[in-house]
Amino acid sequence: RLSLPCDHPLPPKVLPIARASAVRFGRDAVNARPHPEIPSTMKIMNRRRFILKSLGATLALPSLPSLLANAVGGNSAVQAAKGAGAGARRFVAVGNLLGYQVKQFFPETTGTAYEQTTLLKPLWDVRKHLTVYRGLDHGIKGGHFAVHSFLSGVLNSEAQNRPSGNVTIDQFMADKIGHQTRFPSLTVGSEGGIHGGCQIAWTKSGVRVPPITGPAELFDRLFVSDSQERLDRRNEENRLQASILDTGLVDANRLSKRVNREDKDKLDEYFTSIRDVEKRLELRQRWASLPKPKSPFEKPANKNRVDDLPMLYELIALALQTDSTRIATLEIGGDFLPQNLGIDKAYHGLSHHGNEAAAIAHLITLETYQIEHFGKFLARLAKMDDGDRTLLDSTSVLFGSGIGDANSHKNSDLPILLAGGGYRHGEFKKVAASGPNKVPLCNLFVDIAQRMGVETESFGTSTGRFGIS
């Protein structure tokens, strides 16, 4: 699948049928006779739109008012992939759908001498590598139905009229720099739990990124080469897509001689999109011909979300170390079953604890386990060499949730940690949570993106760059 500025991907279940239809009808569609009542130029544009949409990524010619008025009477050079790039910037985000107990999470004292709280205790040995933030959020409401905004700052319901929709920071960066690795990004999570499965990653066209759901699938993605049959099928798709790009360029070049200045600007954007797709397509073909790294151990079996968590972290660390990707997200969802930690309760039900001490104690057990393994993940990255520094120094790691208090459905006062990335750490920082000096969480995302080499001055609901050292 190609991810494009104007993409409108079809649902995953429809893609195989659509792709088959594109292969079967592609050549006929290009050569089909136009309907006598529809101008041939516009008919060709519609056929291109059908074929590309069938492939799961729309790259249709833009709507050109000057041509429509007439109808009613009036160098693609590919940037070489860097391979296993020591010192390259990386990003990992870990999110929890149900939040954390903030009373047991946040310290009282700001600065470097902050207290050891119940939920920060598992991180105490790595605290010099991380910063705890309080006051960062997106200023939105919606409870569980707003958790999906954690990495975007934008509700789905408000994304329609925004140029970048509700794209999450991982996908935003993957669009810019993801071509440098085999996988532009990796999204790991579960389709179980509450409110429609994994909610952590979204494209700019408002499509939820389907997750890799277990360690077995993630292992295969990283280390197991495709079968010859799959390679042949992918090569055929690549050839068809290249053919469509060629004919699209022919159409656009012909139209460029007939449109006004305003529409010529739209065609220039279209040409830019085609060049971008050509680059991505050639890189995809190149990666398909290169062997995957050798696995350091046997393929793990999927167990359950609780027992799988350590292995998922290990595989994400290896994905970064082998430079298979530089951008990864992990969501801990509602199917993180308390029963696997000896608690005979439902996670979502526990989150609505009503201040009942026993329920809160169970939640702290679950959350301590999650934070403990996050700490081990940081320690693991800190021991991996990456050129003249560690992999943790090269990787900005964000940890938190899009909900501040699941019991009251509050999406403010989010629990946020930032680790690694070459930042100066070891502090607890409080920022203004309201008023004219309030700092949106998206300001931090702008800083992270710039450190990743993405040229941007804004993201989501940012008001500037969060100036941190």
Side-chain angles (χ1 to χ4, degrees), residues 1-3 9-13 15-16 56 90-97 147-148 150-151 167-175 178-179 181-203 207-227 230 234 284 287-288 292-337 340 370 373-374 377 380-381 395 397-399:
R1 252 175 88 176
L2 299 178
S3 177
L10 296 172
K13 293 181 180 178
L15 281 172
R90 299 160 171 95
F91 173 72
V92 174
V94 181
N96 182 318
L97 274 179
V147 177
H148 65 265
F150 175 44
L151 296 183
V167 65
T168 46
I169 186 62
D170 60 307
Q171 297 304 301
F172 176 77
M173 294 190 295
D175 280 347
H179 59 273
T181 54
R182 183 184 295 273
F183 303 108
S185 66
L186 290 173
T187 299
V188 182
S190 168
E191 293 292 45
I194 61 175
H195 303 323
C198 188
Q199 301 282 311
I200 199 167
W202 298 78
T203 70
V207 176
R208 185 177 64 88
V209 178
I212 300 167
T213 58
E217 292 80 8
L218 183 52
F219 181 93
D220 284 346
R221 192 77 61 93
L222 295 176
F223 301 116
V224 178
S225 298
D226 291 334
S227 65
R230 182 174 176 82
R234 184 166 294 175
R284 190 172 75 176
W287 283 117
K292 291 183 178 181
K294 292 183 178 180
S295 59
F297 46 75
E298 294 298 316
K299 178 178 176 177
N302 293 340
K303 299 175 183 176
N304 58 70
R305 187 59 55 185
V306 172
D307 294 332
D308 287 342
L309 189 59
M311 180 55 70
L312 290 173
Y313 273 128
E314 175 64 15
L315 289 169
I316 290 172
L318 291 173
L320 301 175
Q321 185 187 43
T322 59
D323 208 36
S324 297
T325 192
R326 294 176 188 168
I327 300 170
T329 54
L330 169 64
E331 182 178 86
I332 300 172
D335 67 340
F336 188 88
L337 299 180
N340 297 119
Q370 295 171 20
H373 286 289
F374 174 70
F377 174 63
R380 180 80 167 103
L381 295 182
T395 307
V397 186
L398 182 77
F399 179 91

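For the numbers below, each heavy atom of this structure counts, side chains included, while hydrogens, waters and symmetry mates do not. Keep in mind that this is a model prediction, so the values were computed, not measured.
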Between atom [atom1] of [X] and atom [atom2] of [Y], what is the distance when rounded to the nearest 0.5 Å?
X      : Y      : atom1 : atom2 : answer
Gln321 : Glu314 : CD    : CD    : 8.5 Å
Leu398 : Leu151 : CG    : CG    : 6.5 Å
Asp175 : Ser185 : CG    : OG    : 8.5 Å
Arg90  : Leu381 : CZ    : CG    : 9.5 Å
Thr329 : Ile327 : OG1   : CD1   : 9.5 Å
Leu97  : Gln199 : CG    : CD    : 6.5 Å

Identify the heavy atoms of [X] and [Y] that sit nearest to each other, and give their distance.
X      : Y      : result
Ser324 : Thr181 : O-CB, 3.5 Å
Ile200 : Gly95  : CD1-N, 3.8 Å
Ile316 : Ala328 : CG2-CB, 4.1 Å
Arg182 : Pro184 : O-CD, 3.7 Å
Pro211 : Arg208 : CD-NH1, 4.2 Å
Trp202 : Val209 : N-CG2, 4.1 Å

Quiz item: Is the side chain of Gln171 donor-acceptor paired with the backbone N or O of Ala201 at a distance under 3.5 Å, no angle test?
Solution: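 No: the side chain of Gln171 does not pair with the backbone of Ala201.
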Practice problem: Using atom types as modelled and distance alone, determine if a side-chain donor or acceptor of Lys292 lies under 3.5 Å from a backbone N or O of Val224. | Solution: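 Here the side-chain-to-backbone pair exists.
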Side chains of [X] and [Y]: is there a donor and an acceptor less than 3.5 Å apart?
X      : Y      : result
Glu191 : Thr213 : no
Asp335 : Ser190 : yes
Asn302 : Glu217 : yes

Between [Y] and [X], is there a side-chain heavy-atom distance shorter than 4.5 Å?
X      : Y      : answer
Asn96  : Gln370 : yes
Val306 : Phe336 : yes
Leu318 : Pro296 : yes
Thr168 : Phe172 : no
Phe223 : Lys294 : no
Val397 : Phe374 : yes
Arg326 : Leu320 : no
Leu312 : Leu330 : yes

Exercise. Under the side chain to side chain contact (heavy atoms under 4.5 Å, CB included) rule, what do Phe399 and Val92 come out as? Steps first, then yes or no, please.
Key: CA-CA 9 Å; Phe399 179 91; Val92 174; over 6 Å; no
Exercise. Begin from the C-alpha positions of Leu222 and Thr322 and carry the test side chain to side chain contact (heavy atoms under 4.5 Å, CB included) through to its verdict.
Key: CA-CA 9 Å; Leu222 295 176; Thr322 59; 5.5 Å; no
Quiz prompt | Arg221 vs Ile212, side chain to side chain contact (heavy atoms under 4.5 Å, CB included): CA-CA, chis, key distance, verdict | solution = CA-CA 9 Å; Arg221 192 77 61 93; Ile212 300 167; 3.6 Å; yes
